[in-house]
Number of protein chains: 2
Amino acid sequence: MKKSTTLSDIAIELNMTAATVSRALSDHPEISKSTKEKVKETAKKLNYNPNRIASSLRSGKTNVVGVLIPTAENAFFGSVIHGITKLASKHGYSVLIHECDEDYELEVKGIQTFIGARVDGIIVSLSRNTLNYDHFLEVQKRNIPLVFFDRVPDDLSFPTVVLDAYRGAYQATQHLIDQGYKRIAHIAGPLFIKTFNDRYKGYVAALQANKIPLDHTLMHIGDLSIESGREATRQFLQLAEPPDAIFATEDFTALGVLKELKVNKIRIPEQFGVLGFCNDVFSEHTTPSISTIDQQTYLMGRESFIMLNNMIENGSVKTSEIVKTVIDPILIVRESSMKSGNPA
Amino acid sequence: MKKSTTLSDIAIELNMTAATVSRALSDHPEISKSTKEKVKETAKKLNYNPNRIASSLRSGKTNVVGVLIPTAENAFFGSVIHGITKLASKHGYSVLIHECDEDYELEVKGIQTFIGARVDGIIVSLSRNTLNYDHFLEVQKRNIPLVFFDRVPDDLSFPTVVLDAYRGAYQATQHLIDQGYKRIAHIAGPLFIKTFNDRYKGYVAALQANKIPLDHTLMHIGDLSIESGREATRQFLQLAEPPDAIFATEDFTALGVLKELKVNKIRIPEQFGVLGFCNDVFSEHTTPSISTIDQQTYLMGRESFIMLNNMIENGSVKTSEIVKTVIDPILIVRESSMKSGNPA
DNA sequence: CTGAAAGCGCTTACAG
DNA sequence: CTGAAAGCGCTTACAG
């Protein structure tokens, strides 16, 4: 295998030292204009491409950030990655991706890999099964900037970027109330995960603010799937006093609700309102289309990188000033909840 | 910032040389068992995490592969990335992601970044606007293994992983014929992109094989969008002899067809058949659900990595034995084309 | 079985 | 304005 051109190849060609070549290429102010020109020309002629590995080793900066996610096979994370990489690349960073597949061991391995690669910073969304946070404390101990997004740890002092899920759920529920639905049920997700818990709380708070008594028969805990939406709907419909609307904690569940209601010939939105969460791609294209809460995923990626970049530039991470960025949820009103027409 | 533990920190602690420590940690056969044990224990005690940057520089191997794609904000590429990273991580590789956003300049920049990072191999899906391939020839000249998937260059000698789009389109069209549709139209994509051209050819070939004469009024070139599907459908419906089925070159176009047919109160699949391509997430959840061709995206990612890994392990890249892996398309029959019931 | 030494390709403080 | 030298943290051919 032919070796790449190095600084000293250029230096030899021009009868100068590698130090001068290095300085010329990085536009050091003390290098003469003519030298710079000669060096750059020769570099191009010899097809020089600087070895970033070598400069990283020397300078202690890799210009690489690590991104650790549960999976890339998912519109949510795909969009966040897009937000991160676009901005990262504009700032001269490369992005190392590691998927943990909701597996704790792989998450630990990913962090270890990032440390080994001496990345300048790390962005993480937690695996569903992570209960032990030692690997993240290790990152902190090594003073490597780390930002969590979306799935963030409850009780650790790291900067985070999250959606205001509570507010999103509140808006969703309020919207259903405003449209005239009277008995609004909720299909929640696993409540030990903070975002689903917040969505549940937002739902409860909106009911209370409107003086609607809580009814525990209208609450179901699902597992974030179409089938779970169907199952919950079946149970709701058998109640003595069934609901006339369902706020589902995410769109696949809402889709299950839709399917089950259609099987039962219940008209949406006239007789029954449905609202999801996430604004997953398909929710716009079902019949009827599903009202939902958009999470601004692209923005979430951007904000995560911006926060990380700030930490990298400011050097040390002060625990005293942990920043939390909160992304605004956006209510997307579609057919499935438009009982009284489009709100202003 | 506290410095990381290095090999020589361990060496000093144990009164030996860094060389011995290095060998002990990599289980070199000539190192005594007791030394290995002591070294490993001390490494753990001092929280040693080897600097991969340094070892890469020395060994000339980074254990990093670069993946260059148009965008991560897209189910297709997300799934391919998933296939790549999962396998890569199992083989001890990290994955560097670069998105080019269909922009030629960013594509070139991505390749340059990968070369600078001295990645061990590169996996690429071309940007839509790439006409000049010099940056890839540069990669070849440097003997860096490179595999293209899905959007591959026409006339360059690189290994590729592609779907057999011709066959997928043929199957799709044959299925519509088998279901009893008589006048089958096609909405194509940009024909200068190979995969859309192949889909078009597969459509034509299936018609010919069934002795169905080609009718140029039944052919429309779109731009891969819902609107383009609607527009084409509108035009088809105004023909003196309108089609009774449409094979669309991808699912968003098919969705547009669906929407326009519904506006016109045309019953699907009884009066009119619809079939898409890609098996995008939403196509399963529309009403009616859309029949389509699945591309086995996850497999495509895996195959790309496997091919790249072979090239990395075999050292040099012989132009004489360029491998082309072809992924089988899978016909997914759903409601939109089931005029005569489910085929066996 | 272990050590001494060189070197991967850069960058930068120190001289001149 | 440019050079000589050291060093980032590893690995490995050569000695012993």
Side-chain angles (χ1 to χ4, degrees), chain A residues 1-40 42-43 46-64 92 113 115-120 142, chain B residues 1-40 42-43 46-64 92 113 115-120 142:
Chain A
M1 166 147 165
K2 196 182 47 184
K3 306 222 35 82
S4 300
T5 304
T6 68
L7 282 184
S8 68
D9 292 334
I10 300 175
I12 290 167
E13 180 92 1
L14 292 172
N15 262 318
M16 42 180 79
T17 64
T20 305
V21 174
S22 171
R23 283 188 276 241
L25 287 174
S26 55
D27 265 326
H28 189 101
E30 284 180 0
I31 296 292
S32 76
K33 215 178 150 206
S34 74
T35 303
K36 282 182 186 171
E37 277 168 10
K38 269 189 292 183
V39 167
K40 286 176 183 174
T42 309
L46 296 181
N47 208 3
Y48 176 67
N49 182 312
N51 185 331
R52 301 293 174 200
I53 299 291
S55 71
S56 293
L57 179 61
R58 174 60 226 245
S59 69
K61 188 151 193 328
T62 52
N63 284 296
V64 173
T113 305
I115 294 177
R118 298 298 189 263
V119 297
D120 292 335
R142 287 173 186 265
Chain B
M1 167 145 166
K2 197 181 47 184
K3 307 224 31 85
S4 298
T5 304
T6 66
L7 281 184
S8 69
D9 293 334
I10 299 175
I12 289 167
E13 180 91 1
L14 293 173
N15 263 318
M16 42 179 80
T17 64
T20 306
V21 174
S22 171
R23 283 187 276 240
L25 287 174
S26 55
D27 266 327
H28 190 102
E30 284 182 358
I31 297 292
S32 76
K33 213 176 151 206
S34 74
T35 303
K36 283 183 186 172
E37 277 168 10
K38 269 191 291 184
V39 167
K40 285 177 184 173
T42 309
L46 296 181
N47 208 4
Y48 176 69
N49 182 312
N51 186 330
R52 301 292 175 201
I53 299 290
S55 70
S56 294
L57 179 60
R58 174 60 226 244
S59 68
K61 188 151 194 326
T62 52
N63 283 296
V64 173
T113 305
I115 295 176
R118 299 297 189 264
V119 297
D120 292 335
R142 288 173 185 265

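Reminder, nothing fancy here: chain letters follow the sequence lines and each chain counts from 1. Below, each value reflects all heavy atoms present in this structure, side chains not excepted, and no hydrogens, waters or symmetry copies.
- In this structure, B/Y48 reaches the D/dC10 phosphate: one of its side-chain N or O atoms is under 4.0 Å from OP1 or OP2.
- Applying a 4.0 Å cut-off to non-hydrogen atoms, the residues of residues 24-38 of chain B that approach DNA chain C are B/E30, B/I31, B/S32, B/T35, listed by residue number.
- Looking at every heavy atom in both residues, A/T5 comes nearest to A/L46 through OG1-O, 2.7 Å.
- With sequence neighbours left out, the salt bridge (charged side-chain N to carboxylate O under 4.0 Å, His left out) criterion links B/K38 to no other residue.
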Show me the protein contacts with nucleotides 3-6 of chain C, counting only N or O atoms at under 3.5 Å.
residue	atom	partner	partner atom	Å
C/dG3	OP2	B/T17	N	3.2
C/dG3	OP2	B/T17	OG1	3.3
C/dG3	OP2	B/T20	OG1	2.4
C/dG3	N7	B/R23	NH2	2.8
C/dG3	O6	B/R23	NH1	3.2
C/dG3	O6	B/R23	NH2	3.0

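- With hydrogens and angles ignored, the 3.5 Å screen pairs a side-chain donor or acceptor of B/T62 with a backbone N or O of B/R118.
- Between B/S22 and D/dT11, a side-chain N or O to OP1/OP2 separation shorter than 4.0 Å is present.
- In this structure, B/I10 places its CD1 atom 12 Å from C1' of D/dC10, rounding to the nearest Å.
- Using a 4.5 Å cut-off on side-chain heavy atoms (C-beta onward), B/V39 and B/L14 make contact.
- The nearest pair of heavy atoms linking B/A11 to B/A18 is CB-N, 3.6 Å.
- Among residues two or more places apart in sequence or in another chain, the salt bridge (charged side-chain N to carboxylate O under 4.0 Å, His left out) test is passed with A/E13 by A/K45.
- At a threshold of 4.5 Å between non-hydrogen side-chain atoms, the residues A/N49 and B/R142 count as touching.
- Applying the side-chain contact (heavy atoms from CB on, under 4.5 Å) rule to B/T17 yields the partners B/A19, B/T20; only residues at least two apart in sequence or on another chain are considered.
- Residue A/I12 contributes atom CD1, which lies 12 Å from atom P of C/dC10 at whole-angstrom precision.
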**Item:** Test log, rule side chain to side chain contact (heavy atoms under 4.5 Å, CB included), inputs A/K40 and A/D27
**Value:** CA-CA 10 Å; A/K40 286 176 183 174; A/D27 265 326; 3.1 Å; yes
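- Rounded to whole Å, atom C1' of C/dC10 lies 11 Å from atom CZ of A/R52.
- Annotated stems with DNA chain C as a participant read C:1-3 with D:14-16, C:5-12 with D:5-12, C:14-16 with D:1-3, given as range with range, by first number; only runs of 3 or more Watson-Crick or G-U pairs under 3.5 Å qualify.
- Nucleic acid contact class of A/S59 (heavy atoms, under 4.0 Å, all strands): none.
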**Message:** I'd like to know whether A/R52 forms a side chain to side chain contact (heavy atoms under 4.5 Å, CB included) with A/N63, so could you lay out the CA-CA distance, the side-chain angles of the two residues, the decisive distance to 0.1 Å, and finally the verdict.
**Reply:** CA-CA 9 Å; A/R52 301 293 174 200; A/N63 284 296; over 6 Å; no
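- Rounded to a whole Å, the CD1 atom of A/I53 is 15 Å from the P atom of D/dG9.
- Regarding A/D9, its CG atom lies at a distance of 13 Å from the C1' atom of C/dC8, rounded to whole Å.
- In this structure the side chain of A/T42 never reaches within 4.5 angstrom of the side chain of A/Y48, judged on heavy atoms.
- Among D/dC8, D/dC10, C/dC10, the nucleotide with an atom closest to any side-chain atom of B/N51 is D/dC10.
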